[in-house]
Visitor: 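First the structure, then my questions, so here it is.
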Amino acid sequence: MSNPQKKRNFQIEAFKHKVVVDPKYADKTWKILEHAIHEIYNHNASGLSFEELYRNAYNMVLHKFGEKLYSGLVSTMTSHLKEISKSIEDSQGGLFLEELNRKWNDHNKALQMIRDILMYMDRTFIPSTRKTPVHELGLILWRDNVIYSPMIRVRLLDTLLELVLQERTGEVINRGLMRNIIKMLMDLGSSVYQEEFEQPFLDVSAEFYKGESQKFIESCDCGEYLKKAEKRLNEEIDRVTHYLDAKSEGRITNVVEKEMVANHMLALVHMENSGLVNMLLDDKYEDLGRMYSLFRRVPNGLSTVRDVMTAHIRDIGKQLVTDPEKLKDPVEFVQRLLDEKDKYDGIIGSAFGNDKTFQNALNSSFEYFINLNPRSPEFISLFVDDKLRKGLKGVSEEDVEVILDKVMMLFRYLQEKDVFEKYYKQHLAKRLLSGKTVSDDAERSLIVKLKTECGYQFTSKLEGMFTDMKTSQDTMQGFYSSHPELSEGPTLTVQVLTTGSWPTQSAVTCNLPAEMSSLCEKFRSYYLGTHSGRRLSWQTNMGTADVKATFGKGQKHELNVSTYQMCVLMLFNTSERLSYKEIEQASEIPAADLKRCLQSLALVKGKNVLRKEPMSKDVGEDDVFFVNDKFASKFYKVKIGTVVAQKESEPEKQETRQRVEEDRKPQIEAAIVRIMKSRRVLDHNNIITEVTKQLLSRFLANPTEIKKRIESLIERDFLERDSVDRKLYRYLA
Amino acid sequence: MGIQGDRVRFNVGGRRFETSATTLANAGRDSFFGALFDRNWSLQTDVSSDIFIDRNPDCFAVLLDLLRTGEFCIPANVSEKSLYREALFYGVLDHVRDAKWGQLDGNRLQYSRSVSGQAPGDGTAIRASPNGGCCVVHGSMVHVYNWMLEEHPPINLDFQRVNDAGWIDSENIVITACERLGTGDGGMGLFNASTGELRYKFSVSHEDQEKSYTAGALTFSSDYRVFSSCKGRRNEYGIGVWDQITGKQIDFFYETPGWPLGDADRLQWLSGYNCLLVATLFPRKDNCYISLLDCREKDPVWYWSDVGMPTNFDEKRVRDVIAMEGKNSVCVVNEYEDLGFMDLRRVAGSVRWSSRSRMTKGKMPDEPCYPKLALHDSQLFSSMSDSISVFSGPDCVPTSRLRRSYGGSICDFSIGGDRLFALHSEENVFDIWETLPPSII
């Protein structure tokens, strides 16, 4: 107790439960950051320490002052942008865009640096509070304070549109600056770009091109107009690639297409003296190509072009096939068709990009007008005949194929393919029998093509003809080897033709000279000896003969003549002079043929081995003939043709026609039965449609004919009419 | 100066480091280093001084090594948590995550760690998030963990019992809960994973009237739809369909008689079939019903049920089901972990049970957990008592087995973000399994 103790004063402080951060801490830290943002905007950032600023921003977020940091950022940036906006507003006329661009670049750079400092806030505080990230915030503030500032908004749009107009009128503008400004609008969001620039741009462009196209259409011809339109279109595409959003390309080209092409489509196509028809006539490939590429861009563009082209082709084609002048020479006629086809194939190929729809239009046009002329099948066959007789001589195999393919193309257009077949058969028979065909390969190649086109049935008889020719050769060899004694004297070559495969000919016989008829008899017995149960009949009207003749002054010639002519000539071995009547009696050649044959023996200049009295153009009943002793020719072999009608005469034509009709009947009936067999019951209209469809590859069936066939089938109990509905037919099995 | 050519010198919290700008460039532009070296920030040209960073040098060393090598190793003197914090500061957290574990391969899984929680009672479900986090459902609470396994604020929906949960993306969770009669509580809600705040409540309406309902099984489709089985008190039995973006209900499959959609245990969206697999299983119902619903036809295009099967099928009772689109089949599992398969291209076929010898036979634990199935790439996973089996190949042969003795049976597991999470029923604990990053050589 007595221990005096110094009184000590303890000061007991309350224990702090909570660590409170210095309230001024946040303000101080923010001041540092705010200062840094000022410096950044003032291009004065070199003195700043990134590490320090980053740490400060980090600390603010860490100590729960994120909200303060964020709102401070918004207000600081806003006030800077307001200043910037003012300085842009104050910029002088032409410098406006440059100032805007410069400030935009500054802002972007500053924004990047601010974002760097506030990276930690961007990563942690912003996502958890669902605020706008710093970069996006910077763009939004720029948009609201600068672009949407009323003083800038209108001026910006006007300036941009003015520059575009300047460029359209040929002035050079600063595309780089343009690109930067447009890029800024796009960076601010596609809706900003669209509202602040694209839509007004499209409207102004539409107005511009509306006026310009009106001007052009009044002053230019079609080709020139198209050239200008194409140039404008390319300019706009070029503009897009240089300084607009790529998505604008479709929109601005649409405007140009609509104003310059779609709105003037008809005027262009039908433009007098320079429209589509003129281009086609003058083979203006370049203009046509341009028209195609422009018109394909607009709705209904190509169909307009196509329709006009189709009408034109049909027109031309119709003239071609109905002009009586042009019908005189079938070869020329077909050649014209081919030329026309080549011309349009060329146009479609090089100007219309081989457009399928154009090809179809061309094909249907050809189909249309070729069938306008009922003689087209005959003419095409004659064309082939001409080519295969002589036209293809010395032509390479590929070229032959090309010509044959072209013929096949025309053939495809034919509706009456069976008529073609009839003629083709006749012409082929003549070629084969006279040995005139140039190339066996070409003949067979065409048959193969016909076969692929129309099927086996179509060509089986034609092929049969070829087989007959081949078999006959073998038969002749056999004949001569079994009759070695015949090597002396006249030679006989027989072609045995199967009835049915060949065009039917009335078997007209004539009196053959004795030498020949004995030879023929020998062959007959040989042939019937090797083939039992066959019948041979001679078609003397089809044969040819080589005759050796010695004329008055000893000139020797070998005459190539027809069998009839041979018969006539042989008569002169025994008599000097013969009257027409005598010849007719001796040879028994039908009068018409005989006249024709005498004509060619006596009246053709240079080939007149006979002479006639009196000398007249025609052969009369009372004429007298004798050998022309003075006959002279520089050739040893002389070919004496027969005056033949190349084209069919009117009655022949009728006959062919009738035969075709006759041949169609069983085909129509077969088709009806086939269809009814599978359908059992069908009404009239449907039968007609189906039958027509089935027979289309051969010919276009006539509805009345089909009706007749149906009636005939009903009579023969293949079909019956339904007892209730008379329109229905029933198949009777 | 701090920079000489490619060389860079740092002073981090008093320790000096020397590295190259190229190494630091690995961090990417959106990182502290990326910004530091950007030419906007013309670094001080003071020759003598290093670049000073006021941070922990030990952690810096680890992260610098990560940038140098692409590998992430945690030394003894540094805590994982502080490393994550520093990585977040430097903006290289994604690098850490990518380096920490590799692509999941069921046959190369390694146990990584366990996390235990404080929630009372058994866990209901565990769901992996797309970026390697997870959420655990306990009664009426959902505990959320990010990939660093830091726990976020827990989630609840009016404190109603949670039936299922699912991640729409790594930031958003949907949970389904029982309704509280008459109050409109419960149902289904969308939550922010990191803050736990409720962002949106999905509603079911019938004849223009909003109904309160109990939401059960949950699934999402790749075209941003949410599907959940629903039970209301009137006509709202069935499967509800909502749009993930607008949150609006866009469809409802009403239950057809004898086909309990509203009680479904499992939903799975099959994008190749454009169909929803719905399975209602024992013991929720006496029988098992599996069907494939066509969204446009609103009709089952495929179905299977064990109604009317012979009674001695006890051991073949289907406990879980999963569709394998690549194999055009549905895989089912019974309580003995037998796998069975059905062909999705044949309606009303039968289950083809695989005849493999049962690995678990004879030693069933006292409190078994029923098997669960999961699919990853072409590997099939099946949990059974305290282990998970991995099946690979076209015939689904067993190839691996994952097992930890601690924590009792596995009541649920989930695969996501290249991690496998297994939730144990006895202790309140879940395991994380990972595949190591590819080896260096």
Visitor: Roughly how far, to the nearest 0.5 Å, is CZ of B:Arg29 from CG of A:Asp116?
Guide: 4.0 Å

Visitor: Mind checking which of residues 99-113 of chain A sit less than 4.5 Å from chain B, heavy atom to heavy atom?
Guide: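 Within residues 99-113 of chain A, near chain B: A:Lys109, A:Gln112, A:Met113.
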
Visitor: Measure the acute angle between the ring planes of B:Phe32 and A:Phe50, then classify it against the limits of 30° and 60° as parallel, tilted or perpendicular.
Guide: tilted

Visitor: Which of residues 129-139 of chain A get closer than 4.5 angstrom to chain B, counting heavy atoms alone?
Guide: A:Arg130

Visitor: Should B:Asp94 and A:Arg123 be marked as a salt bridge (charged side-chain N to carboxylate O under 4.0 Å, His left out) after you check the CA-CA gap, both sets of side-chain angles, and the distance that decides it?
Guide: CA-CA 12 Å; B:Asp94 289 343; A:Arg123 230 183 248 288; 5.0 Å; no

Visitor: Tell me whether the rings of B:Phe89 and A:Tyr120 are parallel (<30°), tilted (30 to 60°) or perpendicular (>60°).
Guide: tilted

Visitor: My understanding is that only residues two or more places apart in sequence, or in another chain, count here; which of them pass side chain to side chain contact (heavy atoms under 4.5 Å, CB included) with B:Glu171?
Guide: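 If we apply the side chain to side chain contact (heavy atoms under 4.5 Å, CB included) test to B:Glu171, skipping adjacent residues, the hits are B:Asp169, B:Asn192, B:Ser194.
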
Visitor: Would you say the side chain of B:Ile53 lies within less than 4.5 Å of the side chain of A:Glu52, judging by non-hydrogen atoms?
Guide: no

Visitor: Should B:Asp54 and A:Glu51 count as side-chain neighbours, where that means a heavy-atom distance under 4.5 Å?
Guide: yes

Visitor: Do other residues, nucleotides or ligands put more than 12 heavy atoms under 6.0 Å from A:Tyr148 OH?
Guide: yes

Visitor: Side chain from CB out, backbone as N, CA, C, O: work out which of these in B:Leu88 comes under 4.5 Å of a heavy atom of chain A, or both, or neither.
Guide: both

Visitor: Not counting sequence neighbours, which residues clear side chain to side chain donor-acceptor pair (under 3.5 Å) with A:Ser71? List them please.
Guide: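 None.
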
Visitor: Got A:Arg115 and B:Asp30 here, is their nearest side-chain heavy-atom distance under 4.5 Å?
Guide: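 Yes; the side chains approach each other to less than 4.5 Å.
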
Visitor: Taking B:Glu197, B:Arg199, B:Arg55 one by one, which has the highest count of heavy-atom pairs under 4.5 Å against chain A?
Guide: B:Arg199

